[in-house]
*Asks:* 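Structure below; questions to follow.
Convention: sequence-line order gives letters A, B, ...; per-chain numbering from 1.
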Amino acid sequence: MSRPPFPSGWSSIPLSLKNLTLANSLPVGQSFLWHRHAIASSTPGCPTEEFSRAVDNPPRVVCLRQSPSHLYYTGVYPNEHDALADLRRGITKDWVNDYFQLKAHPELEKMYDDWRARDPELFGKVEVNKRAVGVRVLRQDPWECLIAFITSTNNHIPRITSLLHRFSQSFSPPLVTLHNPDNDGETTYHLFPTPTALPTKLEALLRSMGFGYRASFIESSLQTLEEEFKEEIEAGLLRWRNQDVDTVREKLVALKGVGRKVADCVMLMCMDKPSLIPIDTHVAAIAARHPAFPSRLRNKPMSKQVYDETQQFLLDRWGPMGGWCQAVMFAADLPEPKPKVKVVKTKVNTSVTVKRKLEEVSPTLNLKRTRSATRLELKQTRTIVTDEVKMEE
DNA sequence: CATAGACCTGCTTAT
DNA sequence: TGCAACAGGTCTATT
């Protein structure tokens with residue numbers, strides 16, 4: 001099994017990076033199951049990396065690449081014959097348009113303009129740089145998204161990613177194996193497991209897989225959903241897209257492991273509720289930077305009331321697409337993706353290196369200052385410095 | 001109703 | 001090397 005030759009065997013859509021940037025939308029904490037590979041023999045002006053993952057209905061691997069002017073896509077099927085039907089019926093084309101909401105919200109740039117006008121104090125100060133450009137809220141599958149965000153609680157993005165890949169590999173059979181585009185090994189793709197594919201004694205298994213205390217949350221939520229939807233959990237959750245926020249929030253929060261924040265994430269990212277702004281530690285910190293942010297909410301532990309008031313404050317600034325604005329702010333605030341190097345600590349007496357580090361993390365914009373950057377800044381007088389040493393892997 | 005503690009775990013990070 | 005703190009929070013048991 002292999003990909004079609006690029007670009008001749010692929011399809012494409014004219015699309016600017018300002019309207020969608022894959023690298024700023026896929027690996028920034030809303031979806032966790034995309035594989036990301038560099039492309040080995042890349043010529044200037046052509047895509048340098050590929051994102052790919054297994055997608056259902058029908059089962060296949062969707063591969064995406066992007067140039068400054070086009071989004072390229074192809075579907076790789078277990079039976080190559082089916083790729084023709086995909087093209088004929090526009091299956092993956094439709095999927096791309098739906099997943100990235102290109103038809104529902106065709107002009108992301110106009111949204112940025114709107115947010116700048118609405119909120120000159122905070123969003124207006126964001127430099128739309130490499131990290132903040134083209135950030136879209138994805139329209140994800142609710143079942144997968146729900147499990148993902150139950151898993152996300154009190155966890156890092158790298159660990160969430162690792163756990164969910166493990167989850168898919170454990171409970172879903174291999175679908176397709178492809179050589180990686182960087183010519184470095186191969187990847188076996190698995191669909192996200194359907195609810196019916198999960199074993200009855202789930203909690204112990206999930207614990208052994210590293211889910212920790214979330215294991216019981218997932219088992220309990222699955223049981224609750226089975227009681228409501230029988231064997232049709234995925235379809236049942238999809239129908240929640242048509243209901244109003246308060247109704248759906250009530251149902252989501254009734255699930256174990258789903259609090260206000262996770263419920264808001266699920267509704268924003270798969271239930272067509274674009275105004276919802278999930279308030280997590282990052283977004284709370286971002287809100288606190290706003291000059292008009294009520295001082296009585298500053299440095300307060302998160303409570304239902306603080307949550308509500310913070311969310312309302314941001315909604316007032318960002319408007320009906322506030323959840324999308326939050327996604328931009330969140331992505332811009334994320335620490336730089338970790339390079340594949342081993343960091344060796346050595347004692348060196350210089351503050352110059354520390355300053356260079358700071359500039360790498362936060363070149364121009366103090367809005368996108370990260371925790372670690374802030375920590376570094378506070379400790380500038382220290383003499384610990386890092387040397388980077390390449391490590392093959 | 002609001003608010004402390006406890007809670008699994010690690011391609012964590014810091015001390 | 002060892003130990004603590006932290007991570008896109010939530011649950012539970014108390015005031």
Side-chain angles (χ1 to χ4, degrees), chain A residues 27-32 35-36 135 137 145-146 148-167 203-221 224 249 252-269 276-287 300-311 314 323 326-345 347 354 357 361 370-379 381-386 391-393:
Chain A
V28 294
Q30 41 176 338
S31 66
F32 301 94
H35 297 267
R36 182 181 194 173
V135 180
V137 170
C145 197
L146 176 63
F149 279 91
I150 290 176
T151 304
S152 81
T153 60
N154 207 16
N155 242 338
H156 301 129
I157 290 176
R159 208 165 98 81
I160 301 164
T161 301
S162 148
L163 287 170
L164 290 171
H165 277 296
R166 212 173 297 166
F167 185 81
E203 177 178 350
L205 262 174
L206 291 178
R207 280 225 169 230
S208 73
M209 291 164 59
F211 279 76
Y213 57 78
R214 303 159 198 85
S216 64
F217 294 166
I218 291 174
E219 180 171 281
S220 168
S221 288
T224 303
R249 175 143 47 204
L252 282 171
V253 169
L255 303 172
K256 284 289 185 290
V258 181
R260 177 65 187 273
K261 184 266 174 181
V262 167
D264 284 354
C265 281
V266 171
M267 287 191 286
L268 169 65
M269 298 176 194
L276 276 182
I277 302 166
I279 307 300
D280 54 56
T281 54
H282 276 266
V283 174
I286 289 168
K300 280 296 191 78
M302 193 54 65
S303 65
K304 174 167 164 41
Q305 186 169 2
V306 172
Y307 189 104
D308 282 336
E309 291 189 37
T310 304
Q311 186 173 56
L314 292 177
Q326 169 271 157
V328 177
M329 301 296 286
F330 186 90
D333 203 60
L334 236 37
E336 292 290 329
K338 203 169 24 175
K340 288 248 175 163
V341 298
K342 182 175 186 177
V343 175
V344 177
K345 299 195 172 177
K347 289 182 182 175
V354 173
K357 264 279 176 198
V361 176
T370 63
R371 265 162 225 272
S372 49
T374 307
R375 224 174 273 135
L376 264 177
E377 204 168 34
L378 292 171
K379 299 173 181 175
T381 54
R382 289 195 172 274
T383 58
I384 303 294
V385 138
T386 61
M391 186 181 74
E392 25 255 335
E393 203 255 304

*Asks:* With rounding to whole Å, what would you report as the distance between C/dG8 and B/dT13 at their P atoms?
*Replies:* 10 Å
*Asks:* Measure from CZ on A/Arg159 to P on B/dT12 and round the result to the nearest Å.
*Replies:*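 For the pair A/Arg159 CZ and B/dT12 P, the rounded distance is 12 Å.
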*Asks:* B/dC11 P sits how many Å from A/Ile160 CD1, rounded?
*Replies:*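 Atom-to-atom, A/Ile160 to B/dC11, this comes out as 12 Å.
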*Asks:* Taking only the side-chain nitrogens and oxygens of A/Thr281, find out if one of them lies under 4.0 Å from OP1 or OP2 of C/dG9.
*Replies:* yes
*Asks:* Would you check if A/Phe211 and A/Glu203 make a side-chain contact, meaning some heavy-atom pair closer than 4.5 Å?
*Replies:*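 No, their side chains stay 4.5 Å or more apart.
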*Asks:* In whole angstrom, give the distance that lies between atom CG of A/Asp333 and atom P of C/dA7.
*Replies:* 12 Å
*Asks:* In whole angstrom, give the distance that lies between atom CZ of A/Phe211 and atom C1' of B/dC7.
*Replies:*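 The distance from CZ of A/Phe211 to C1' of B/dC7 comes to 16 Å, rounded to the nearest Å.
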*Asks:* Would one find a side-chain N or O of A/His282 under 4.0 angstrom from OP1 or OP2 of C/dG8?
*Replies:*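 Checking A/His282 against C/dG8: at least one side-chain N or O falls below 4.0 Å of OP1 or OP2.
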*Asks:* To the nearest Å, give me how far apart CD1 (A/Ile157) and P (C/dG8) are.
*Replies:* 6 Å
*Asks:* Looking only at atom P, what distance separates B/dC8 and C/dA13, rounded to whole Å?
*Replies:*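 Between the two P atoms, the distance is 14 Å.
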*Asks:* May I ask which nucleotide in the shown strands pairs with B/dA6, Watson-Crick or G-U wobble, both distances under 3.5 Å?
*Replies:* C/dT10
*Asks:* Just how far, in rounded Å, is P of B/dC8 from CD1 of A/Ile150?
*Replies:* 16 Å
*Asks:* Are the side chains of A/Ile157 and A/Leu334 in touch, meaning some heavy atoms are under 4.5 Å apart?
*Replies:*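 Yes. Closest side-chain heavy atoms under 4.5 Å.
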*Asks:* Say we look at B/dA6 and C/dT15: how far apart would their P atoms be, to the nearest angstrom?
*Replies:*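 Result for the P pair: 15 Å, nearest Å.
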*Asks:* Is the base of C/dG8 touched by the side chain of A/Gln326 through a donor-acceptor pair closer than 3.5 angstrom?
*Replies:*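 Checked by distance alone, the answer is yes.
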*Asks:* What string of B, S and - do you get for nucleotides 10-15 of chain C, 5' to 3', when a contact is any protein heavy atom under 4.0 Å?
*Replies:* SSS---
*Asks:* Taking the side chain as everything from C-beta on, heavy atoms only, tell me whether A/Phe32 gets closer than 4.5 Å to A/His165.
*Replies:*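 Not touching, per the 4.5 Å side-chain cut-off.
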*Asks:* When you compare B/dA14 with B/dG10, how far apart are their C1' atoms, in angstrom units rounded to a whole number?
*Replies:* 14 Å
*Asks:* Send over the distance from A/Asp308 CG to B/dA2 C1', rounded to a whole Å.
*Replies:* 13 Å
*Asks:* Checking all strands, does A/Phe149 fall into the base, sugar-phosphate, or nothing category for heavy-atom contacts under 4.0 angstrom?
*Replies:*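 Nothing: the residue A/Phe149, judged by heavy atoms under 4.0 Å, touches no strand.
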*Asks:* Taking the P atom of each, how far is B/dG5 from C/dA5, in whole Å?
*Replies:* 14 Å
*Asks:* Give the rounded distance in Å between these two atoms: CG of A/Leu163 and C1' of C/dA7.
*Replies:*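 Those two atoms, CG and C1', are 12 Å apart.
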*Asks:* Looking at A/Thr153 and A/Ile150, would you say the former's side chain and the latter's main chain have a donor-acceptor pair under 3.5 Å?
*Replies:*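 Pair found, side chain donor or acceptor close to backbone of A/Ile150.
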*Asks:* Do any N or O atoms from the side chain of A/Gln311 and from the backbone of A/Ile277 form a donor-acceptor pair under 3.5 angstrom?
*Replies:* yes
*Asks:* Does the side chain of A/Lys256 reach to within under 4.5 Å of the side chain of A/Glu219, using non-hydrogen atoms?
*Replies:*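 Side chain of A/Lys256 against side chain of A/Glu219, heavy atoms only: no contact under 4.5 Å found.
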*Asks:* Between the base of B/dC7 and the side chain of A/Arg214, is there any donor-acceptor pair under 3.5 Å?
*Replies:*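 Answer is no: no donor-acceptor pair is held.
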*Asks:* Measure the CG-CG distance between A/Asp264 and A/Leu252 for me, rounded to the nearest 0.5 Å.
*Replies:* 9.0 Å
*Asks:* Just so I know, are the side chains of A/Arg159 and A/Leu163 near enough to count as touching, which here means a heavy-atom distance under 4.5 Å?
*Replies:* yes
